Amino acid sequence: MSGFNKVVDNYWEAMDGLQDNMTVIAGGFGLCGIPEGLITQIKEMGTSGLTVVSNNCGVDGFGLGILLEDRQIKKMVSSYVGENALFEQQLLNGELEVELTPQGTLAEKMRAGGAGIPAFFTATGYGTPVGEGKEVREFDGRPYIMEESITGDFAIVKAWKADKYGNCIYRHTAQNFNPMAATAGKITVVEVEEIVEPGELEASQIHTPGIYVDRVIKGQFEKRIERQVLAKN
Amino acid sequence: MSGFNKVVDNYWEAMDGLQDNMTVIAGGFGLCGIPEGLITQIKEMGTSGLTVVSNNCGVDGFGLGILLEDRQIKKMVSSYVGENALFEQQLLNGELEVELTPQGTLAEKMRAGGAGIPAFFTATGYGTPVGEGKEVREFDGRPYIMEESITGDFAIVKAWKADKYGNCIYRHTAQNFNPMAATAGKITVVEVEEIVEPGELEASQIHTPGIYVDRVIKGQFEKRIERQVLAKN
Amino acid sequence: MALTRDQIAMRVAKEFKDGDYVNLGIGIPTLAANFVPEDISVMLQSENGLLGMGRYPYEDEIDADMINAGKETVTAITGASIFNSADSFAMIRGGHVDFTVLGAFEVDVEGNIASWMIPGKLIKGMGGAMDLVAGAKNIIVTMTHADKHGNSKLLQKCTLPLTGVNCITRIITDLAVMEVKDGAFYLTEHAPGVSIEEIKEKTAGKLIVPDNVTEMVL
Amino acid sequence: MALTRDQIAMRVAKEFKDGDYVNLGIGIPTLAANFVPEDISVMLQSENGLLGMGRYPYEDEIDADMINAGKETVTAITGASIFNSADSFAMIRGGHVDFTVLGAFEVDVEGNIASWMIPGKLIKGMGGAMDLVAGAKNIIVTMTHADKHGNSKLLQKCTLPLTGVNCITRIITDLAVMEVKDGAFYLTEHAPGVSIEEIKEKTAGKLIVPDNVTEMVL
């Protein structure tokens with residue numbers, strides 16, 4: 001099954017083909033479940049003019065935030081700027097184009113992109129700035145807006161374990177946007193904590209079938225925690 | 001957590017509230033992964049005028065096929081009539097209304113119904129009888145048709161294991177349409193092989209979260225095989 | 001006396017029924033989880049993909065892969081399920097979550113809500129709030145009745161960019177509980193020690209005060 | 001000599017590249033799995049929710065919960081994945097399957113295909129065929145060149161209800177291999193011992209015979 005071996009040895013090979021002005025779809029929610037090494041590699045490559053589709057843009061100095069420092073990102077498609085000062089500053093200065101997209105709509109746009117659904121209707125955002133300029137249609141007397149799907153030149157994904165065929169599973173809430181991102185990239189690269197043998201992952205429990213995955217790389221993760229909150233004793 | 005205990009003791013309780021002329025969405029593909037006991041219960045109840053949404057309609061004398069015998073079904077929404085003689089006969093006679101729906105469109109209509117997406121665009125069926133009377137729209141130069149979602153008064157689902165909160169997992173290809181059906185019923189009833197304690201199913205591996213499930217019943221299954229084909233030695 | 005944040009959360013928790021699935025926004029809504037009556041259970045949905053959110057972790061339970069929608073470290077209850085963001089919002093958008101409780105900058109008499117942006121000043125993004133207000137069966141807004149300058153947040157018409165339209169049915173503030181219907185706020189309860197006059201004064205939108213307004217029980 | 005079913009399947013299998021994901025319809029297409037060259041691997045997708053379909057089971061491996069899209073008992077290879085029908089067709093519709101091979105009643109010079117219904121005679125339903133022809137990157141139709149009465153199945157315009165439009169790019173029959181482009185069938189290969197004249201005679205739609213037509217290698 002050599003034709004199905006997706007494992008690559010280094011980050012240059014993992015991100016080979018990424019060029020200026022491409023669209024990159026990234027998994028992750030906050031700093032949870034982000035492909036840390038693939039993001040660092042994009043910084044290393046210095047690729048610019050990128051459109052990045054990701055729920056958040058990391059924090060100052062970590063995650064996708066490091067791509068803001070050298071202005072590698074032209075446009076973000078995100079639901080939340082959050083507490084990322086550089087993101088907010090570049091946005092307010094007009095240096096960074098931002099398409100704010102409701103979180104559920106963003107997830108569904110990625111899924112639709114991977115699933116060959118060019119557009120769908122949702123009530124989310126109707127009557128708000130998100131709905132402006134979008135087609136409105138009533139179903140059963142309720143107004144919905146039409147949202148179009150998203151695909152990317154690359155998808156960068158963080159999984160827990162993958163086998164060499166690219167079958168992936170995610171751990172806890174580090175799953176988040178990763179499975180949808182994996183379906184929506186022309187080239188999908190998955191950075192994992194552990195590479196296992198085919199058959200070690202139970203077939204019915206695989207979150208992302210290998211058909212979606214072009215390259216798998218074993219990464220090293222810092223797994224920084226954004227907000228550590230402890231139970232009171 | 002008594003409010004989350006979905007387990008019921010008998011089939012009458014499981015299908016309580018089913019009335020004539022309701023829409024029932026059923027999981028299963030062929031005879032694989034079908035809620036055998038719930039179907040038998042519908043026959044027992046004699047409910048009629050039903051619209052049944054299911055990829056197939058069982059076979060003569062087994063599965064949903066038994067509901068054709070007493071003409072309990074007014075309309076089928078299916079992708080495949082297959083080798084079900086009674087189904088084909090009632091269809092050709094005009095006794096049974098059938099809305100033939102492509103298999104992938106049917107699965108997506110159920111998913112959309114459960115997900116609050118009233119309609120989506122797909123290339124499937126464009127230019128064919130399935131596309132007739134449906135809105136056509138081009139995206140990136142390719143024509144797509146608009147398909148509307150499906151929901152049901154009841155969803156009847158067959159799972160492998162469930163805990164009392166209604167969290168379900170499916171076994172092998174008996175998964176098929178069951179997870180989508182589970183999301184699309186106003187009342188969702190799951191018939192399972194085994195009821196387990198909460199926590200026995202790994203959280204990230206649950207196929208159907210209990211929020212979709214109203215009732216769980218432990219069933220007895222014949223699991224008839226439609227086409228037994230063996231490897232040649 | 002105006003209610004404290006904890007007291008607002010206490011009142012919110014009284015809305016829940018045994019077996020409800022509930023999504024709690026950041027701030028006061030999250031506090032409501034601490035006041036769920038002992039004889040009922042609710043299951044918390046966190047929109048980043050967790051149904052059955054538990055308490056915060058002890059030091060030895062901290063796990064970077066287990067966070068809530070506020071990006072805080074968290075635990076899962078026994079019997080929780082975890083899923084991807086598309087499935088999480090399918091659950092929300094499809095109306096399977098019984099209650100959503102969230103904060104707001106403004107609410108108006110049409111049930112419109114503004115909660116995510118103050119032009120020129122604050123752009124945090126809407127996160128999952130637009131999906132939640134479009135999808136949940138029952139939406140409760142919790143907030144202080146007026147801002148720190150004393151300006152009412154209960155308006156005839158929202159002035160800030162909206163999060164959703166015609167979606168808010170109930171508001172619980174530090175002063176009152178109100179229903180939103182027929183183009184007005186209907187007062188149903190006042191906080192202990194808060195006069196109807198004070199509520200009237202701090203409500204800019206049309207307020208209807210029926211005869212049977214009761215004192216909030218906490 | 002017209003090819004046997006096995007020989008058509010053999011020729012189909014030559015289309016595959018190492019690492020291809022392939023969906024094989026019922027009949028001749030399924031046979032192609034038996035003739036995949038030894039030095040390459042393909043992974044079979046079965047649209048009921050199985051990627052990595054294996055051989056038929058031995059007696060002691062039979063499992064009612066493990067079937068293929070033709071409802072036959074089947075096994076999964078090591079490294080297979082199993083998923084629900086919506087995810088399976090997301091995979092198909094989204095263009096992630098490299099090849100779909102399926103049978104047909106008729107194909108025409110516009111790349112239209114009819115394969116699911118003969119009005120008044122046969123209504124089996126389209127199953128997943130409409131999704132497959134709308135979604136796969138490369139679609140190969142396999143069939144006999146003419147029906148048992150000698151009527152051509154390669155038409156100027158399909159007469160039966162369609163399965164899909166403008167979607168068929170390659171046809172492999174018992175007599176020939178053809179590309180569909182620019183409103184015609186382009187002959188690329190003829191079966192061993194089959195004359196170009198016979199192919200012309202049995203092709204009702206516009207047939208273009210270039211100079212470089214070669215004999216099929218099996």
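In what follows, chains are A, B, ... by sequence order, proteins preceding strands, each numbered from 1. These figures come from a predicted structure and were not determined experimentally.
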Step by step, would you call A:Phe177 with C:Asn84 a side chain to side chain contact (heavy atoms under 4.5 Å, CB included)? CA-CA 6 Å; A:Phe177 283 84; C:Asn84 67 47; over 6 Å; no
Going through the checks in order, is the side chain to side chain contact (heavy atoms under 4.5 Å, CB included) test met by A:Arg227 and C:Thr73? CA-CA 6 Å; A:Arg227 290 192 187 162; C:Thr73 47; over 6 Å; no
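Heavy atoms of A:Glu88 lying under 4.5 Å from chain C belong exclusively to its side chain. Residue C:Asn166 does not touch chain A at all, counting heavy-atom pairs closer than 4.5 Å. Only the side chain of A:Glu193 comes within contact range of chain C, with at least one heavy atom under 4.5 Å from a heavy atom of that chain. A:Leu230 touches chain C through backbone and side chain together, each having a heavy atom under 4.5 Å away. At a 4.5 Å heavy-atom cutoff, the contact between C:Thr163 and chain A is made by backbone atoms alone. Heavy atoms of A:Leu92 lying under 4.5 Å from chain C belong exclusively to its side chain. Contacts of A:Lys232 with chain C are made by backbone atoms alone, with heavy-atom separations under 4.5 Å and no side-chain atom involved. Proximity to chain A (any heavy atom under 4.5 Å) is shown, for C:Glu61, by neither the backbone nor the side chain. Contacts of A:Leu31 with chain C are absent, with no heavy-atom separation under 4.5 Å from either backbone or side chain. Neither the backbone nor the side chain of A:Asn178 comes within contact range of chain C; no heavy atom of the residue lies under 4.5 Å from a heavy atom of that chain.
Near-neighbour residues of residues 149-157 of chain A relative to chain C, defined by a heavy atom under 4.5 Å from a heavy atom of that chain, are none. Using non-hydrogen atoms only and a strict 4.5 Å limit, no part of residues 1-15 of chain C faces chain A. Listed by sequence position, C:Phe89, C:Arg93 are the residues of residues 87-105 of chain C in contact with chain A, using a 4.5 angstrom heavy-atom cutoff. For residues 60-69 of chain A, a heavy-atom distance under 4.5 Å to chain C picks out no residue at all.
In this structure, the separation between CG on C:Leu132 and OG1 on A:Thr124 is 8.5 Å, given to the nearest 0.5 Å. To the nearest 0.5 angstrom, A:Asn176 atom CG is 9.5 Å from C:Asp65 atom CG.
Contact count against chain C (heavy-atom pairs under 4.5 Å) is highest for A:Ala231 among A:Pro179, A:Ala231, A:Gly27, A:Gly131. Options A:Pro102, A:Pro143, A:Ala174 differ in how many heavy-atom pairs under 4.5 Å they form with chain C, and the most are formed by A:Pro102. Contact tally against chain C (heavy-atom pairs below 4.5 Å) for A:Gln228, A:Arg224, A:Arg171: the top residue is A:Arg171. Chosen from A:Arg111, A:Lys223, A:Lys109, A:His207, the residue pairing most often with chain C at heavy-atom distances under 4.5 Å is A:Lys223.
A side-chain contact (heavy atoms from CB on, under 4.5 Å) with A:Val229 holds for exactly one of C:Arg55, C:Glu72, C:Lys71; it is C:Glu72.
When all heavy atoms are compared, the tightest approach of C:Leu162 to A:Thr128 is O-CB, 3.3 Å.
Checked by atom type and distance alone, the side chain of A:Ser79 never pairs as donor or acceptor with a backbone atom of C:Met126 at under 3.5 Å.
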